[in-house]
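The structure appears below as structure tokens.
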Amino acid sequence: METVQGLKRTKYCGEFRAADIGSEATVFGWVQKVRNLGGLLFIDLRDRTGLLQCTFDESVDKALFDKAFPVRGEYVLAVKGVIRPRGEAAVNDRMPTGAVELLANELRILNTAKTPPFEIVENTSVNEELRLKYRYLDLRRPDLAKNILLRSKTYKSVRDYFADEGFIEIETPVLMKSTPEGARDYLVPSRVHPGKFYALPQSPQQYKQILMVSGFDRYIQIARCFRDEDLRADRQPDFTQIDLEMSFVDRDDIIAVNEGLLKKVWKDILGLDIEMPFMRLTYKEAMERFGSDKPDLRFGLELTDLTDTLKGCEFKVFAGAIEAGGSVRCITVKGGFDKLSRKEIDALAEYVKTYRAKGLAWVRMGEEMTSSFAKFLKPEELSALLVAAKAEKGDVVLIVADADKVVFDSLGALRGEVARRLDLIDKSLYKFLWVTEFPLLEFDEEAGRFVAMHHPFTSPMDEDLPLLDTDPGKVRAKAYDIVLNGYEIGGGSIRIYNSELQSRMFSLLGFTKEQAKARFGFLMDAFEYGAPPHGGLAFGLDRLVMLLAGCGNIRDVIAFPKVQNASELMSGAPDFVDDVQLDELSIALTRKEED
RNA sequence: GGCCCGGUAGUUCAGUUGGUUUAGAACGCUAGCCUGUCACGCUAGAGGUCGAGGGUUCGAGCCCCUUCCGGGUCGCCA
């Protein structure tokens, strides 16, 4: 094993160009590939920037050639030599450094390596489980390395923006008090206080509001957050937020600051000028037009409400849903006749059942019209339906009748599924959207009470304040989400800053005064010492980077992600700990995984 | 917790209604030859508890049951 003593890197491997011809160079890296032609040996050396071909010629330096001979893939090398042109026939146009090569005059084998369990190449089809177990090798692959570099650039862009806008970066504790509303907390036992636990933050929400009371009126933090809930392609239990809070502002001030942020990030990272201001929809509009509070606006397929048209019809499926207070809605797939066969519609019917729809009624408008339900409707009812749905020859109408929530969930999801199947999505588009005026509360059937849709510190809209006592379900909140291409990339609200209103909120949510005081007392106390009007927003940084990187999976932009059962395959976390360690924490286990 | 998909050399895959003796291919790996390759080429070679356990059968990679692992998703995610 040799050392790097006396060597200094001239440039990264991927940075050499024709302009460097004739210069001396020293590079460090990993062996991508050895091509030994017998007497002439090429080594492609890789670092995080790319590849450089290093050449060893037996006829020039026999001893050096012999030293390079046993080099294998992923060995760690230092190579010193002269950059020279490859010669016309030997230029490789497919690589950025393809016009040059490093003719070696010194080689140090800094380390050997075992043959990796998979090849270190771009666009791999290797099973993700194996890649995650050997994450250090996976991260050597250019596509993954590129994502990690892009993420780093994003941090810089974000920090630069907020610094320029007068924001102050402040760290809040990772060990904090458990806040039982909302997601499950990760708990950390206290050694010093037997039986007591810290919680890891689901977000720095209360701390940042306290910072507003303290007068740091523009706060930002790139904050690690933790939620002990099940994973998804776009959800990890251990994730990162761009968290911000501002005082003396209203909703539109916060929206403006964050549109500015996204504009800068898209320019810095992708070189794109995004259109401002962004589109806005109220929650109600978003649900009625797209069946979702995070609609993908890259395609149409908007929902149509058929409830009034079908009121009084005899078809039980429709009539029953309407009588029960639900609705009948559809999406009309223009030109869908050629693309959606009976069989494919059956598959879509199965798809909507995962969203609790009982079925999917349909009309196919070919030469002859066929439908799953036409015989149950009077001819004039059917034609009224088709007029309302704006359905013409060649179209397909897909209908769900049920409670509003089921209709919206299933048609909202179906919109996306149809768009994917019919390839209606232009992947080059970035469609940003603000969704505003979310409901303040939603009724939790299981708990038998209202719960905060956003969180309990969200301010109701002023004009809806009178409804708080009479019809709390109708109260809208000063809450807003930022949506991009069907993903919720951030959300926030104007907060309650009046301790009296905050108390009313807590009692609406079913807390007794004592419970509220025990859980949130420090915040309510703080609000009695001059809380400014304030509000903020938090972005899901991982999701944002995922969309910037153009991947559909959050794991590909996180260096060491967790898998679906929340374990980490490389380190093997979580794991059992020694009894001694448990005893020190005053913890006795009632269950183990093996039981 | 529910539903769907997947698991066969190091890797990616093929493997017929359950029956061709020794489960194949490509890439990778090892060795030899080769001076302009870059998907180097040529020759030879090594490499498999078919995720695991049980069952059906004269016979199981293939059928059945259980289970483990990974992915997607519903619930869940203030």
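Each chain gets a letter, A, B and so on, in the order the sequences are listed, and its residues count up from 1.
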Is it the case that the side chain of [X] and the backbone of [Y] share a donor-acceptor pair, with hydrogens and angles ignored and the cut-off at 3.5 Å?
X: A:Q53; Y: A:V100; answer: no
X: A:R227; Y: A:A183; answer: no
X: A:K67; Y: A:L107; answer: yes
X: A:D143; Y: A:N123; answer: yes
X: A:D44; Y: A:L51; answer: no
X: A:E568; Y: A:S571; answer: yes

Quantified in whole Å, what is the [atom1] atom distance between nucleotide [N] and nucleotide [M]?
N: B:rC13; M: B:rU20; atom1: P; result: 26 Å
N: B:rG48; M: B:rG32; atom1: P; result: 23 Å
N: B:rA31; M: B:rG19; atom1: C1'; result: 39 Å
N: B:rC62; M: B:rA23; atom1: P; result: 15 Å
N: B:rG70; M: B:rG75; atom1: P; result: 23 Å
N: B:rC64; M: B:rA26; atom1: P; result: 32 Å
N: B:rG71; M: B:rU66; atom1: P; result: 23 Å
N: B:rG47; M: B:rU11; atom1: C1'; result: 13 Å

Please give, in whole Å, the distance from [N] [atom2] to [X] [atom1]?
X: A:E128; N: B:rG7; atom1: CD; atom2: C1'; value: 15 Å
X: A:D556; N: B:rG71; atom1: CG; atom2: C1'; value: 12 Å
X: A:E417; N: B:rU73; atom1: CD; atom2: P; value: 12 Å
X: A:D234; N: B:rG71; atom1: CG; atom2: P; value: 14 Å
X: A:D409; N: B:rC74; atom1: CG; atom2: C1'; value: 10 Å
X: A:K133; N: B:rC69; atom1: NZ; atom2: C1'; value: 12 Å
X: A:M453; N: B:rC76; atom1: CE; atom2: P; value: 12 Å

Flag for A:D185-A:Q202: side-chain donor and acceptor within less than 3.5 Å: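 A pair is found: one side chain offers a donor N or O, the other an acceptor, under 3.5 Å apart.
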
Could you tell me whether the side chains of A:Y219 and A:Q221 share a donor-acceptor contact shorter than 3.5 Å? yes

Report the base-pairing partner of [N] (Watson-Crick or G-U wobble, both distances below 3.5 angstrom), or none.
N: B:rG47; result: none
N: B:rA52; result: B:rU66
N: B:rA60; result: none

Going by the side chain to side chain donor-acceptor pair (under 3.5 Å) test, which pairs reach into residues 473-489 of chain A, not counting sequence neighbours?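 As it turns out, the side chain to side chain donor-acceptor pair (under 3.5 Å) pairs with a partner in residues 473-489 of chain A, which skip direct neighbours, are A:E437-A:R476, A:D462-A:K478, A:D464-A:R476, A:D471-A:K474.
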
Closest to side chain of [X], choosing from [options]:
X: A:R555; options: B:rC76, B:rG70, B:rG71; result: B:rG71
X: A:R232; options: B:rU73, B:rG72, B:rG70; result: B:rU73
X: A:R227; options: B:rC77, B:rG71, B:rU11; result: B:rC77

Using the closest heavy atom to pick a nucleotide of RNA chain B for each, name whichever of A:S125 or A:G73 lands nearer the 5' end. A:S125

Applying a 4.0 Å non-hydrogen cut-off, can you work out what [X] is touching in the nucleic acid: base, sugar-phosphate, or nothing?
X: A:S203; result: base
X: A:V563; result: sugar-phosphate
X: A:L569; result: sugar-phosphate
X: A:Y355; result: sugar-phosphate
X: A:L132; result: nothing

Once ring-ring contact (aromatic ring centres under 6.0 Å, His included) is applied, do any residues pair with A:F443, and if so which ones, sequence neighbours excluded? A:F450

Would you mind building the protein contact string for nucleotides 33-45 of chain B? One character per nucleotide, 5' to 3', B for base within reach (heavy atoms under 4.0 Å), S for sugar-phosphate only, - for untouched. -BBBBBSB-----

Check whether the ring centres of A:Y12 and A:F16 lie less than 6.0 Å apart, and answer yes or no.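 Ring-ring flag for A:Y12/A:F16: false, centres at least 6.0 Å apart.
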
Strictly under 6.0 Å, is that where the ring centroids of A:F457 and A:F520 end up?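 Ring-ring flag for A:F457/A:F520: true, centres closer than 6.0 Å.
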
Would you state whether a donor and an acceptor, one from the side chain of A:N127 and one from the base of B:rG6, lie under 3.5 Å apart? no

Side-chain donor/acceptor of A:Q564 to base of B:rU73, under 3.5 Å: yes

Counting only side-chain nitrogens and oxygens, does A:R131 get under 4.0 Å of the OP1 or OP2 atom of B:rG70?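 For A:R131, the contact criterion (side-chain N or O under 4.0 Å from OP1 or OP2 of B:rG70) is not met.
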
Strictly below 4.0 Å: does A:R356 bring a side-chain N or O up to OP1 or OP2 of B:rG75?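 Answer is yes, contact under 4.0 Å.
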
Non-neighbouring partners of A:E229 that pass salt bridge (Lys or Arg N to Asp or Glu O under 4.0 Å), sequence neighbours left out: A:R184

List in numerical order all residues of residues 346-354 of chain A for which some heavy atom is under 4.0 Å away from an atom belonging to RNA chain B.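 The stretch gives A:T354 as the residues lying under 4.0 Å from the strand, ordered by number.
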
Strand contacts (RNA chain B) in residues 482-521 of chain A, 4.0 angstrom heavy-atom criterion: none

So that I can tick it off, tell me whether A:E74 and A:R140 are bridged by a salt bridge, with the cut-off set at under 4.0 angstrom between side-chain N and carboxylate O.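 Yes, charged N to carboxylate O under 4.0 Å.
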
